[in-house]
Amino acid sequence: MSETLQVPTQLFKRLSLTAELRGFESVVELLDEWQMEEDRKRAELSAAFRRIKLIRQRIQDRTGIQPDSAILVREDRDSR
């Protein structure tokens with residue numbers, strides 16, 4: 001299935017030039033490559049967030065839930 005999209009002439013010219021400079025046969029190939037790269041980046045970010053969540057959970061398992069230090073900072077500030 002395909003869709004028709006109206007793109008301003010200047011934008012299409014820039015996309016065509018970019019595609020040519022990067023060795024693609026068409027703007028469609030450039031956009032396909034761009035989409036694959038975006039999907040890859042999204043997957044990497046998702047994996048990174050999962051790792052961060054796991055690390056935070058491990059720290060919490062070892063140290064317990066730590067109190068919010070903002071309260072302590074406010075108390076210290078207000079005592080001066």
Side-chain angles (χ1 to χ4, degrees):
M1 187 170 108
S2 67
E3 299 287 331
T4 301
L5 174 67
Q6 290 189 351
V7 177
T9 302
Q10 286 302 103
L11 176 57
F12 187 78
K13 285 180 181 179
R14 289 190 349 243
L15 289 170
S16 295
L17 179 61
T18 300
E20 182 181 330
L21 291 172
R22 293 185 183 185
F24 295 107
E25 296 289 324
S26 67
V27 171
V28 172
E29 286 184 13
L30 173 69
L31 293 175
D32 282 340
E33 182 67 24
W34 171 79
Q35 184 62 60
M36 286 189 294
E37 181 65 15
E38 288 298 307
D39 293 344
R40 184 190 63 75
K41 287 178 186 177
R42 190 174 295 111
E44 284 181 4
L45 280 173
S46 183
F49 284 124
R50 282 192 302 273
R51 288 191 305 271
I52 290 169
K53 187 176 182 179
L54 181 61
I55 290 168
R56 285 180 172 172
Q57 186 61 50
R58 287 180 186 163
I59 291 170
Q60 183 177 338
D61 291 347
R62 268 190 276 142
T63 63
I65 296 175
Q66 298 297 311
D68 183 4
S69 62
I71 295 168
L72 298 173
V73 170
R74 280 190 206 103
E75 288 175 358
D76 185 51
R77 179 194 65 209
D78 294 342
S79 69
R80 292 179 187 187

Legend entry - Shortest non-hydrogen contact between L15 and L30, atoms and distance: O-CD2, 3.6 Å

Inset, instruction - Determine whether more than 12 heavy atoms belonging to other residues, nucleotides or ligands lie under 6.0 Å from atom CD of E25. - result: no

Inset, instruction - Using the side chain to side chain donor-acceptor pair (under 3.5 Å) rule, collect all pairs that involve residues 4-16, keeping only residues at least two apart or in two chains. - result: none

Legend entry - Distance, nearest 0.5 Å, that separates CG of L54 from CD1 of I59: 10.0 Å

Inset, instruction - List the atom of S26, the atom of A19, and the distance in Å for their closest heavy-atom pair. - result: O-CB, 3.6 Å

Inset, instruction - Inspect the surroundings of CZ in R77 and state if more than 12 heavy atoms from other residues, nucleotides or ligands are less than 6.0 Å away. - result: yes

Legend entry - Hydrophobic cluster identity match, M36 and L31, side-chain contacts under 4.5 Å: no

Legend entry - Transitive ILVMFWY side-chain link F24 to L5, under 4.5 Å: yes

Inset, instruction - Could you list all the side chain to side chain donor-acceptor pair (under 3.5 Å) pairs where at least one residue sits in residues 29-54, not counting sequence neighbours? - result: Q35-D39, E37-R40, D39-R42, R40-E44, S46-R50

Legend entry - Which atom of F12 lies closest to which atom of V7, heavy atoms considered: N-CG1, 3.9 Å

Legend entry - Listed partners of D76 passing side-chain contact (heavy atoms from CB on, under 4.5 Å), at least two apart: S79, R80

Legend entry - Within one Ile-Leu-Val-Met-Phe-Trp-Tyr cluster: V28 and L17, side-chain cutoff 4.5 Å: no

